[in-house]
Amino acid sequence: MVADFPSIDPAIRVLASMQTTDPHKIDMTGLSIDIDKSDKEVLKLALLTVGLNRDIKNLLHPRHRNGEIVRQLCQHDDRIVRQYAVWSVMENRWLTLGDLGISFEAIEGQPVNVQAKLYQLAAERHPDARFRTRIIHQGTYSDHAEARIGLAKGISNSFYDGLEEVTLGWYDSDEDDEVKALVAEHFAKFSEDCRPYADKVMAIVEANPKLLDRLMVRVEGKELYGKLQDKDLKSGMKDMFGTSPDLETMFRQAADLSKKVETMKVLFLAANPLDQQTLKPDREANDLKAQLAAVRDAKVKVDVEHAWAIRVEQLQAEVLNFQPDVVHFSGHGDVGLLVFEDAAGNTTEVSGESIARLIELVGSVRCVVLNACFSDSISKLIASHVEAVIGCDDTIDDEAAIMFTRAFYRALSHGVTFEQAYNLARNELDLHGEKGESEKYKLLFSPPLN
């Protein structure tokens, strides 16, 4: 049939057949690819062959390996050719990031379709976790949903410590449904590697049941599968009876199986800018969750809401939306200031006066915990607006911060006062031989008038 269409470039026939046929069975006559002169359709088909791992050695040039030519095609004038070149680096088993002809630092200057592939490639394969985190963080702020979808696909099969500081906040802030769904699938797949992911999946399904089926596929064989299955069954029961509120009331009235407990809402703010020394707020949060889950006969339900990689522009919204009893900050600090993040993930300093003013204006916060170096100076500014505030008068060791946090909130769940919880948290450090760290924590306490 091709012989009847002489206008078709012979290279197209060869490249098309290479995608399904052993190259040794193909007549290679007429296969000549000059990247400077060949039609862009021929170049796209050639790159498709490379990406599908159906290429032969020196397919694109008799004297240069395919990777060298792919690197050049990453700079091609046609945006689709450029996209295919990046994609072929992603897919070909012989190509590496060294064959990529575009710097990840220059992603934003590329066409949107190319941005999507570059973000996906960086998120999947860049060997430097810190650089990869920075690129992922940058990509979450892209104005283009297509680019963010590529980025979300890039994290679909990978997880490393610290990634959750970007992804948890990304899900909440993104407005595109497909991006949110892909990020939620990432949470589900790695729910056993990161405890906050499991909690987030349950919250997502509660808020958006339409995602349940997609997430169930990602958690097969995991502990979370049973929990989602239970939620699916309960939802099905509600649909069947059609009067779920009445049904729930009937069961509640049939037997009071558990005593109602007071709820204390804790807003856990975590900031770990890329240009600062790395902290471990994720470990602090994970340890806290595990400790609270292990409390028996809790008198107070400590409900923790996490805000990861907190940026200055999010601060008021987080506090006003959650209306916490306790605001907990985990991050860097210095005399008179706390460190948050800007849009690029770098340091933004916020004065203690501004933090104190926010707490005063909100009015409902009962306690503030500043698990940051030299934060005692800020505690003194906040003290008149809350029942209790805890700060540190020196630098704080990461492990000590984790121990103090778990002991403080564990104690609160047993119904003790803020002052007692503070003393128990310091005692936890003392018991572990960390008396020096224990003495750095300072409490300013004013019992409520009632």
field: Ile80 side, atom CD1; Trp87 side, atom CH2 - distance, nearest 0.5 Å
entry: 13.5 Å

query: Is the closest side-chain heavy-atom distance between Gln83 and Lys117 below 4.5 Å?
result: yes

- request: Decide whether Thr140 and Asp174 meet the rule of one side-chain donor and one side-chain acceptor closer than 3.5 Å.
  value: no

message: Using 0.5 Å steps for rounding, measure from the CG atom of Leu47 to the NZ atom of Lys40.
response: 14.0 Å

message: Quick check: do Lys180 and Val183 have side-chain heavy atoms less than 4.5 Å from each other?
response: no

field: Heavy-atom donor-acceptor pair, Ser413 side chain to Arg410 backbone, under 3.5 Å
entry: yes

- prompt: Once you round to the nearest 0.5 Å, how far does NZ of Lys153 lie from CD1 of Ile155?
  reply: 13.0 Å

message: For Ser354, give me all partners under side-chain hydrogen bond (donor to acceptor under 3.5 Å, both in side chains), at least two apart in sequence or on another chain.
response: Ser351

task: Start with the C-alpha distance between Arg65 and Asp99, add both sets of side-chain angles, then the distance that settles salt bridge (Lys or Arg N to Asp or Glu O under 4.0 Å), and finish with yes or no.
output: CA-CA 10 Å; Arg65 65 182 186 85; Asp99 297 311; 2.6 Å; yes

- prompt: So does Arg214 pair up with Glu185, basic N to acidic O under 4.0 Å?
  reply: yes

field: Test salt bridge (Lys or Arg N to Asp or Glu O under 4.0 Å) applied to Glu105 - qualifying residues, sequence neighbours left out
entry: Arg134

message: Under a 3.5 Å threshold, yes or no: a donor from one side chain and an acceptor from the other, between Ser438 and Asp430?
response: yes

field: Positive for side-chain contact (heavy atoms from CB on, under 4.5 Å) with Ile382, one of Leu444, Val368, Leu358
entry: Val368

query: Could you walk me through whether Asp376 and Tyr441 pass the side-chain hydrogen bond (donor to acceptor under 3.5 Å, both in side chains) check?
result: CA-CA 8 Å; Asp376 185 47; Tyr441 283 93; over 6 Å; no

side-chain contact (heavy atoms from CB on, under 4.5 Å) between Ile136 and Leu163, worked out: CA-CA 9 Å; Ile136 293 172; Leu163 179 58; 3.7 Å; yes

query: Which distance, rounded to the nearest 0.5 Å, do you find between the NE2 of His432 and the CG of Asn427?
result: 10.5 Å

task: State which residues pass ring-ring contact (aromatic ring centres under 6.0 Å, His included) with Phe418; sequence neighbours excluded, sorted by chain then number.
output: none

message: Less than 3.5 Å apart, any donor N or O on the side chain of His328 or Tyr409 sitting next to an acceptor on the other?
response: yes

query: Under the 3.5 angstrom rule, does the side chain of Arg71 hit a backbone N or O of Gly98 as a donor-acceptor pair?
result: yes

Short side-chain to backbone donor-acceptor contact, Ser377 and Gly336, under 3.5 Å: yes

statement: Residues pairing under ring-ring contact (aromatic ring centres under 6.0 Å, His included) where one sits in residues 92-136, two or more places apart or in two chains, turn out to be Phe104-His126, His126-Phe131

query: Only one of Gln420, Arg426, Glu419 forms a side chain to side chain donor-acceptor pair (under 3.5 Å) with Tyr422, so which one is it?
result: Arg426

- request: Answer yes or no: is there a donor N or O on one side and an acceptor on the other, between the side chain of Ser375 and the main chain of Leu370, under 3.5 Å?
  value: yes

query: Any salt bridge between Lys440 and Glu437, counting N to O under 4.0 Å?
result: yes

message: If I compare all heavy atoms of Gly154 with all of Ser158, which pair ends up nearest, and what's the gap?
response: O-OG, 3.8 Å

field: Close side-chain approach of Ser191 and Lys222, heavy atoms under 4.5 Å
entry: yes

Listed once per pair and sorted, the ring-ring contact (aromatic ring centres under 6.0 Å, His included) pairs that draw on residues 351-386, sequence neighbours left out: none

query: Closest heavy-atom contact between Glu91 and Gly51?
result: CB-O, 3.1 Å

message: Quick check against the 3.5 Å criterion: does Glu164 have a side-chain atom that pairs as donor or acceptor with the backbone of Cys194?
response: no

field: Considering all heavy atoms, the nearest Val300-Gly415 contact
entry: CG2-CA, 3.9 Å

- request: State the CG-CE distance between Leu215 and Met202, to the nearest 0.5 angstrom.
  value: 10.5 Å

query: With distance as the sole criterion, is a donor-acceptor pair present between the side chains of Arg82 and Gln110 under 3.5 Å?
result: yes

message: Evaluate Val86 against Cys74 for side-chain contact (heavy atoms from CB on, under 4.5 Å), listing each step before the verdict.
response: CA-CA 6 Å; Val86 178; Cys74 284; 4.3 Å; yes

Side chain to side chain, Leu48 and Gln19, heavy atoms closer than 4.5 Å: yes

task: Could you list the residues that satisfy ring-ring contact (aromatic ring centres under 6.0 Å, His included) with Phe329, not counting sequence neighbours?
output: Phe340

Heavy-atom side-chain proximity of Glu178 to Leu182 below 4.5 angstrom: yes

field: Option from Val369, Asp393, Val389, Val386 for which side-chain contact (heavy atoms from CB on, under 4.5 Å) with Ser379 holds
entry: Val389

- line: For Pro324 and Val319, the nearest pair of non-hydrogen atoms, with its separation, is CD-O, 3.3 Å

message: Go through it in stages, so that I can follow the logic: the residues are Arg366 and Glu387, the test is salt bridge (Lys or Arg N to Asp or Glu O under 4.0 Å), and I'd like the CA-CA distance, side-chain angles, deciding distance and then a yes or no.
response: CA-CA 5 Å; Arg366 297 174 55 199; Glu387 295 175 33; 2.9 Å; yes

query: Do Lys189 and Asn157 have a side chain donor and acceptor closer than 3.5 Å?
result: yes

- request: Kindly indicate, with the supporting measurements, whether the criterion salt bridge (Lys or Arg N to Asp or Glu O under 4.0 Å) is fulfilled by Asp325 and Lys265.
  value: CA-CA 5 Å; Asp325 299 292; Lys265 297 166 70 175; over 6 Å; no

message: Check whether Glu192 reaches the backbone of Glu223 with its side chain - one donor and one acceptor, N or O, closer than 3.5 Å.
response: yes

field: Cationic tip of Lys200 above Tyr171 ring, under 6.0 Å, 45° of axis
entry: no

Check against side-chain hydrogen bond (donor to acceptor under 3.5 Å, both in side chains), Asn371 and Thr405: CA-CA 8 Å; Asn371 221 346; Thr405 295; 2.9 Å; yes

Side-chain (Gln75) to main-chain (Gln72) donor-acceptor, under 3.5 angstrom: no

message: Tell me whether the count of non-hydrogen atoms from other residues, nucleotides or ligands lying under 6.0 Å of CG in Asp297 goes above 12.
response: no

- prompt: Is there a donor-acceptor pair closer than 3.5 Å between any side-chain N or O of Asn92 and the backbone N or O of Val50?
  reply: yes

message: Using 30° and 60° as the class boundaries, would you call the ring planes of Phe408 and Phe404 parallel, tilted or perpendicular?
response: parallel

field: Distance in Å, Leu121 CG paired with Ile107 CD1, rounded so as to fall on 0.5 Å steps
entry: 8.5 Å

statement: Smallest heavy-atom separation, Ile396 atom then Cys373 atom, equals N-SG, 3.4 Å

message: Which heavy atom of Asp176 sits nearest to which heavy atom of Ala145, and what is that distance?
response: OD1-CB, 3.6 Å

